[in-house]
Amino acid sequence: MLVVDDLDAGYGDLQVLSGVDLTVEAEEYVVIVGPNGAGKSTVMKSVFGLTTYFGGRIEFQADRIDGKPPEEIITHGIGYVPQTDNVFPSLSVGENLEMGAYILDEVPRDALEMVYDRFPILRERKSQAVGSMSGGQQQMVAMGRALMLNPDLLMLDEPSAGLAPDLVEDMFDRVDAINDDGTAVLIVEQNAKEALRRCDRGYVLVQGENRYEGSGDELLADEQVRQEFLGG
């Protein structure tokens with residue numbers, strides 16, 4: 001579904017990624033982990049057209065998307081939830097979700113109902129300003145908005161960041177459910193061990209380059225990966 005091949009990308013004149021390779025198959029759950037500053041989020045932003053493209057190839061569903069703007073990439077079936085600034089705080093829950101379908105002539109009511117069914121608390125609070133909600137609830141709004149176009153691939157950047165410990169497992173369970181329903185997931189996650197336990201495959205990035213790749217179980221079992229990146 002998604003092919004990132006020999007990608008060089010960054011911001012302005014600064015190159016962050018060097019020759020990065022990554023693939024995501026249909027309905028697959030793939031995790032990117034690595035130390036701070038490794039370029040994990042930059043990979044995701046590059047797929048969504050938010051970085052400076054220097055070279056390489058990005059394909060989605062066999063179409064080249066490298067160098068295209070986000071408003072065009074989203075029409076290919078990719079949803080993206082950034083780590084920060086991922087909701088409109090002054091708008092209500094319902095208005096935030098409707099913004100997820102802004103490229104359509106009208107809001108798809110079936111998609112809206114699907115999001116409310118997946119996140120029942122959002123139905124209860126659809127008139128509440130999102131800025132007055134908890135971090136976990138705001139994350140649900142951000143994910144729900146990205147699902148409004150029923151994407152084939154959902155990209156999530158650090159979805160557990162800032163959540164209370166008791167909400168982290170719930171967030172992972174929700175991501176599992178989205179994937180189980182047929183949506184491919186690409187996730188950057190600071191909670192590396194938990195993410196690798198749940199995913200199909202994982203990539204370890206270091207200094208903008210691929211360092212390790214394998215199934216979640218293989219990476220968890222790799223002694224060097226555990227010592228260098230998972231805290232032993």
More than 12 heavy atoms of other residues, nucleotides or ligands under 6.0 Å from CG of D166: is that the case?
yes
For F54, the hydrophobic cluster (side chain heavy atoms closer than 4.5 Å, chained through members) also holds none
Take E194 and R198 through the salt bridge (charged side-chain N to carboxylate O under 4.0 Å, His left out) test and state the conclusion after the steps.
CA-CA 7 Å; E194 186 64 24; R198 294 171 181 256; 2.7 Å; yes
Taking the side chain as C-beta and beyond, is there a heavy-atom pair between I178 and R118 under 4.5 Å?
yes
Check whether any side-chain heavy atom of M171 lies under 4.5 Å from a side-chain heavy atom of V175, and answer yes or no.
yes
Under 4.5 Å side-chain linkage, directly or through intermediates, the cluster mates of M99:
F88, L91
Q207 atom CD, over 12 foreign heavy atoms within 6.0 Å
no
Measure the shortest side-chain to side-chain distance between E113 and Y116 over non-hydrogen atoms and say whether it is less than 4.5 angstrom.
yes
I need the single residue from R145, E158, M155, Q139 that forms a side-chain contact (heavy atoms from CB on, under 4.5 Å) with V81. Which is it?
Q139
Would you indicate whether the side-chain heavy atoms of M133 and L122 approach each other to under 4.5 Å?
yes
So do Q137 and V93 actually touch side chain to side chain, heavy atoms under 4.5 Å?
no
Considering only heavy atoms from C-beta outward, does the side chain of M148 approach that of L104 to under 4.5 Å?
no
Greater than 12 external heavy atoms within 6.0 Å of E71's CD
yes
According to side chain to side chain contact (heavy atoms under 4.5 Å, CB included), who are the partners of R64, at least two apart in sequence or on a separate chain?
Y53, R57, E59, D66
Are V31 and L219 side-chain neighbours, meaning at least one heavy-atom pair lies under 4.5 Å?
no
Please step through side-chain hydrogen bond (donor to acceptor under 3.5 Å, both in side chains) for the pair S127 and S92, ending with a clear verdict.
CA-CA 5 Å; S127 299; S92 69; over 6 Å; no
Which word best sums up how the rings of F48 and Y80 line up, parallel for under 30°, tilted for 30 to 60°, or perpendicular for over 60°?
tilted
